[in-house]
2 protein chains.
Amino acid sequence: MRDQPASQVTEIDQTQEPKTLVEAAYLRMRRDIIEGIYAPGEKLRVEHLKDQYEVGAGTLREALLLLVTDALVVAQGQRGFRVAPISIADCEDISHTRVLLETEALRQSIARGDDAWEAALVAAFHRLTRAEQKLCDNDDSTTEEWEKCNRAFHEALISASTSRWIRHFQQILYQQSERYRRVSLFRQPITRDIHAEHHALFDATLARDAARASSILSEHILRTLDAVKRLPVDFFSQRA
Amino acid sequence: MRDQPASQVTEIDQTQEPKTLVEAAYLRMRRDIIEGIYAPGEKLRVEHLKDQYEVGAGTLREALLLLVTDALVVAQGQRGFRVAPISIADCEDISHTRVLLETEALRQSIARGDDAWEAALVAAFHRLTRAEQKLCDNDDSTTEEWEKCNRAFHEALISASTSRWIRHFQQILYQQSERYRRVSLFRQPITRDIHAEHHALFDATLARDAARASSILSEHILRTLDAVKRLPVDFFSQRA
DNA sequence: TTATATAAAAATCTCGAGATTAATTATTGA
DNA sequence: TCAATAATTAATCTCGAGATTTTTATATAA
């Protein structure tokens, strides 16, 4: 269940090299948007960005259209492209929808997951544990490594789900929440013990306790929302 | 709540004229794919389609990328575009995910819907009723009219939902299920009383009976799945 | 006959320039 | 001084042609 492509739709396998200039530009721009190099609401001018990413105008437009699929970029006819805006209301919506989808997918995984699923989950949790041990030293590379492991862990949890569509939507929402997580981690230190939450989630899942696991997962997601809510309100002012 | 754009992401307002050639080609191709003019799995060659839709190659590529957002087209790097395949398993997945999302959105609507929501719902139901009365004569145009009213009714039901994301995903899934509904309606006559189901759903919603309404909605969606399951298996063989 | 390698054909991907539209600045009149 | 209009600038949208890659067809050898 791990060898299928990342998405039913785009078929862009992120583990290997991008096959085309469009995909390469798409992947680079996606990282830059999530990392906040381009601010929410900021205009994305093709004429400038094509030099930045060293591709033609048409190629860059196609990369932007791929980002529309991820809802990281908004396109308006005859008025170009913008980075998707952020807001507290949006973060609330993302979090609650994630709870709805991920808890359902987790229940499906626990009900139908086989040995291969368990093995992959154990491996993902192990890598996440290592990454969280290294997280103490405030290094950018360790944070990025943790982010990858965290994502892999959450995907491993639900990888035995029967629903490709839920997993597809989950990936979009996880990516969206990554934007908020970055700003909240950057502005205020982590007070909660994230590793303990992950450990409890891991244990309940392996014990096949669907009710407890989904309850922990739900609280886990909503705690990130609380952190965003504590940010100063002027943080969400959009850039023209 | 009705004057907001169709989607948070694409901002393509279908009620008014498309502002660009890309959008126009996108809308036409989308209709053609849903109507089955291009078979599931079929290769979509840019060189041929650009003549068909009378646009340049780059323009048509962009339209295809917009269809990737709807998961109606699958893109593979250096290997072009294909119509998204269909299968019974996919239809099951779509139906169950729709149940999960639409029942939740309906509960939110019933909990928070105001007078404007009720009024819009009553209007949508009225139009749907009229369309279902005219549906007896097996005309293509009346079927298309019914399809529009059915979609508007389902969207009106959940339009007071607090979650833009659920509504966004619902629109994608509804569009997907439309493909299956077309083939099942075409191959076998309608045995169930769809209007009675809609009426019961409408009454329970206006009565603010969330449990009953979501129960009816759930069964309503799953009955369409049953119709697809009754189709001959060779119907889902993909075209090269 | 089957399999492998080579050559031809077709399709995709990529780019830069021209046409159309939106945004900005300057001008005019009240 | 302010508002409305016109001219200028800038950006988007669109297209066709060339460069790569994939696919198909052909030929050769086992």
Side-chain angles (χ1 to χ4, degrees), chain A residues 5 9-14 16-30 33 38-39 41-69 72-84 238-240, chain B residues 5 9-14 16-30 33 38-39 41-69 72-84 238-240:
Chain A
V9 183
T10 49
E11 304 265 355
I12 296 177
D13 190 348
Q14 299 165 50
Q16 62 190 48
E17 287 294 298
K19 289 266 183 295
T20 175
L21 285 182
V22 173
E23 288 178 17
Y26 159 73
L27 291 172
R28 287 181 57 195
M29 289 188 70
R30 190 176 70 176
I33 289 175
Y38 304 110
E42 182 175 344
K43 194 141 205 314
L44 296 170
R45 291 182 181 81
V46 176
E47 287 300 311
H48 299 163
L49 267 53
K50 78 187 178 73
D51 301 325
Q52 183 75 26
Y53 293 93
E54 296 170 303
V55 291
T59 303
L60 194 99
R61 280 181 61 84
E62 293 196 6
L64 285 168
L65 287 170
L66 281 180
L67 287 165
V68 170
T69 302
L72 290 170
V73 163
V74 179
Q76 279 183 84
Q78 298 285 24
R79 293 181 62 180
F81 301 88
R82 283 183 178 276
V83 178
Q238 308 295 319
R239 187 179 300 183
Chain B
V9 182
T10 48
E11 304 266 356
I12 296 177
D13 191 347
Q14 299 166 50
Q16 62 189 50
E17 287 294 297
K19 290 267 184 293
T20 174
L21 285 182
V22 173
E23 288 177 18
Y26 159 73
L27 291 172
R28 288 181 57 197
M29 289 189 70
R30 190 177 69 176
I33 289 175
Y38 305 109
E42 182 175 345
K43 193 139 205 312
L44 296 170
R45 293 183 180 81
V46 175
E47 287 300 312
H48 299 162
L49 268 54
K50 78 186 177 76
D51 301 325
Q52 183 74 28
Y53 293 93
E54 296 169 304
V55 292
T59 303
L60 194 100
R61 280 181 61 84
E62 292 196 7
L64 285 168
L65 288 170
L66 281 179
L67 287 166
V68 170
T69 301
L72 290 170
V73 163
V74 178
Q76 280 183 83
Q78 297 287 23
R79 293 182 62 181
F81 301 88
R82 281 181 179 280
V83 178
Q238 309 295 320
R239 186 180 300 182

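Naming: A, B, ... by sequence-line order, numbering from 1 per chain.
Counting non-hydrogen atoms under 4.0 angstrom, Gly58(B) reaches nothing in the nucleic acid. Across all strands shown, Leu44(B) has heavy atoms under 4.0 Å from sugar-phosphate atoms exclusively, and none from any base. In this structure, Gln78(B) reaches the sugar-phosphate backbone alone: every heavy-atom distance under 4.0 Å involves primed, P, OP1 or OP2 atoms, never a base.
At the phosphate of dT21(D), neither OP1 nor OP2 sits under 4.0 Å from any side-chain N or O atom of Lys19(A). Note on His48(A): every side-chain N or O is 4.0 Å or more away from OP1 and OP2 of dA10(D). Applying the 4.0 Å criterion to OP1 and OP2 of dT14(C), one finds that Thr20(A) has a side-chain N or O inside that range.
Note: OH (Tyr26(A)) to P (dC13(C)) measures 16 Å, nearest angstrom. Between the CG atom of Leu65(A) and the C1' atom of dC13(C) there is a distance of 15 Å, rounded to whole Å. In this entry the distance linking CG of Leu64(A) with C1' of dA11(D) reads 13 Å, nearest Å. Rounded to a whole Å, the CD atom of Gln76(A) is 17 Å from the P atom of dA11(D). One can place CD of Glu47(A) at 11 Å from P of dC13(D), the figure rounded to the nearest angstrom. Leu60(A) places its CG atom 15 Å from the C1' atom of dC13(C), with the value rounded to the nearest Å. dA11(C) atom P lies 6 Å from atom CZ of Arg45(B), rounded to whole Å. A straight line from CD of Glu23(B) to C1' of dT12(D) spans 12 Å, rounded to a whole angstrom.
Considering only heavy atoms from C-beta on, Val74(B) stays 4.5 Å or farther from Val68(B) through its side chain.
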Begin with the C-alpha distance, continue with both residues' side-chain angles, and end with the deciding distance and a verdict on side chain to side chain contact (heavy atoms under 4.5 Å, CB included) for Lys43(A) and Phe81(A). CA-CA 6 Å; Lys43(A) 194 141 205 314; Phe81(A) 301 88; over 6 Å; no

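Comparing Arg79(A) and Leu21(A) against DNA chain C, the residue whose closest nucleotide sits nearer the 5' end is Leu21(A). Between Val46(B) and Val55(A), the residue anchored nearer the 5' end of DNA chain C, judged by the nucleotide with its closest heavy atom, is Val46(B).
A distance of 4.5 Å separates CG in Leu49(B) from OH in Tyr38(B), rounded to the nearest 0.5 Å. The line from NZ of Lys50(B) to NE2 of His48(B) is 9.5 Å long, rounded to the nearest 0.5 Å.
Of the candidates dT14(C), dC13(D), dT12(C), the closest approach to any side-chain atom of Arg61(A) belongs to dC13(D).
By the 4.0 Å N-to-carboxylate-O rule, Arg61(B) lies close enough to Glu62(A) to be salt-bridged with it.
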